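One structure is given below, encoded as structure tokens.
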Amino acid sequence: AIDTGTAPGITTTSGVLSSISVTPVSTEVSAVTDYTIAFTTDHVIAAGGKLNITFESDYDVSSVQSTDVSGNIGATVAVSGNTLTVTLGTAVTALEPVSLVIANIKNPAYVQTTDDFSLDSRTAGEGLIDEGTDTGITTTAGDLTSVSGVPVSYVAGAVTNYTFDFMPTHEIASGGY
């Protein structure tokens, strides 16, 4: 060889998932509900590529089954901790708006504003493509029904005890919420 040499490598950066929205059908505490995950890609995600959606630890995603995803033909979803990984059945083109619905996600057990949702798209070999976040949601309280309060004594001026009855929408754990 007459001439030889080396060139430095390059550092690549991920693209951006834009127009992200994570929207539940119900915001009620402890509700098992569907979530719509919408976003626009910056780059192509090939069939077999993945979308990871990370929920904060107060969510329960353990009941999500592999077929609980719709919006991409042939897609499946897997659970690892509080991350849902959707493996795409069909490719998504660059700059394509996507809307996936994932069923059987259980909201946190108490009223709160959740942490942000984190999303990233990856190749089938786990190479990072695009990433982004969406703000958390505010969960809402369930209802108390059949609420009543009955005094032991109806005598005017008497110091008395009351019995309160109610029916909560959700199970209340022993010793707290």
Side-chain angles (χ1 to χ4, degrees), residues 12-45 49-73 75-90 92-124 126-145 166-177:
T12 59
T13 57
S14 64
V16 176
L17 291 173
S18 60
S19 303
I20 297 173
S21 68
V22 179
T23 310
V25 171
S26 171
T27 58
E28 190 171 303
V29 296
S30 297
V32 176
T33 189
D34 294 356
Y35 271 71
T36 299
I37 316 296
F39 58 92
T40 300
T41 62
D42 206 7
H43 298 94
V44 171
I45 308 171
K50 299 175 182 179
L51 177 73
N52 295 315
I53 307 114
T54 303
F55 291 76
E56 74 162 42
S57 62
D58 288 335
Y59 280 90
D60 181 356
V61 295
S62 64
S63 293
V64 174
Q65 300 297 306
S66 64
T67 57
D68 284 343
V69 60
S70 60
N72 181 273
I73 297 170
T76 59
V77 62
V79 178
S80 178
N82 275 19
T83 298
L84 300 177
T85 300
V86 176
T87 301
L88 300 177
T90 55
V92 173
T93 61
L95 304 176
E96 180 179 347
V98 177
S99 182
L100 303 172
V101 177
I102 302 175
N104 291 320
I105 297 170
K106 186 174 182 180
N107 287 337
Y110 58 93
V111 174
Q112 64 173 297
T113 298
T114 66
D115 292 341
D116 289 353
F117 299 94
S118 176
L119 284 76
D120 65 71
S121 60
R122 295 184 176 265
T123 64
E126 296 297 328
L128 180 62
I129 302 172
D130 297 330
E131 59 187 337
T133 59
D134 189 33
T135 56
I137 64 158
T138 300
T139 55
T140 55
D143 293 325
L144 294 177
T145 60
F166 58 90
M167 180 64 69
T169 303
H170 303 95
E171 182 178 320
I172 299 174
S174 176
Y177 55 89

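Remember, it's a predicted structure, so these values are computed and weren't measured experimentally.
For the residue pair Y35 and N107, a side-chain donor N or O sits within less than 3.5 Å of a side-chain acceptor on the partner. With hydrogens and angles left out, the side-chain atoms of N104 and Q65 include no donor and acceptor closer than 3.5 Å. Side-chain contact, T23 with T36: no donor N or O sits under 3.5 Å from an acceptor N or O. Between the side chains of S14 and E131, at least one donor-acceptor pair of N or O atoms lies under 3.5 Å. Side-chain N/O atoms of T27 and T140 include a donor and acceptor closer than 3.5 Å.
To the nearest 0.5 Å, atom CG of residue D130 and atom CG of residue D42 are 5.0 Å apart. Here the CD1-CD1 distance, from I45 to I129, works out to 5.5 Å after rounding to the nearest 0.5 Å. Between the OG atom of S99 and the CG atom of N72 there is a distance of 11.0 Å, given to the nearest 0.5 Å. One finds the OG atom of S18 at 10.0 Å from the CZ atom of F39 (value rounded to the nearest 0.5 Å). Between the OG1 atom in T76 and the CG atom in L88 there is a gap of 9.0 Å [rounded to 0.5 Å]. Annotation: the span from D134 atom CG to S19 atom OG amounts to 10.5 Å, rounded to 0.5 Å.
S30 and A109 make their closest contact through OG-CA, 3.4 Å (heavy atoms, listed as atom of the first residue, atom of the second, distance). Closest heavy-atom contact between T139 and P108: CG2-CD, 3.8 Å. Minimum heavy-atom separation, D58 to E56: OD2-OE2, 2.9 Å.
K106 is linked by a salt bridge (charged side-chain N to carboxylate O under 4.0 Å, His left out) to nothing, counting only residues two or more places apart in sequence or in another chain. Scanning for side chain to side chain donor-acceptor pair (under 3.5 Å) contacts around T12 gives an empty result, with sequence neighbours left out. Listed by chain and number, the residues in a salt bridge (charged side-chain N to carboxylate O under 4.0 Å, His left out) with D120 are R122 (sequence neighbours excluded). Residues passing the side chain to side chain donor-acceptor pair (under 3.5 Å) test with T13, sequence neighbours excluded: none. In this view, T85 and N52 satisfy the side chain to side chain donor-acceptor pair (under 3.5 Å) rule, not counting sequence neighbours. T135 meets the side-chain contact (heavy atoms from CB on, under 4.5 Å) test with D116; sequence neighbours excluded.
Exactly one of V22, T54, L84, V86 qualifies for a side chain to side chain contact (heavy atoms under 4.5 Å, CB included) with L119. That residue is V22.
Between I102 and I53, some side-chain heavy-atom pair lies under the 4.5 Å cut-off. Residues V29 and V111 are in side-chain contact: their nearest non-hydrogen atoms beyond the backbone lie under 4.5 Å apart. Looking at heavy atoms from C-beta onward, L100 lies in side-chain contact with L51 at the 4.5 angstrom threshold. Between F55 and T114 the shortest side-chain heavy-atom distance does not fall below 4.5 Å. Looking at heavy atoms from C-beta onward, T41 lies out of side-chain contact with S121 at the 4.5 angstrom threshold.
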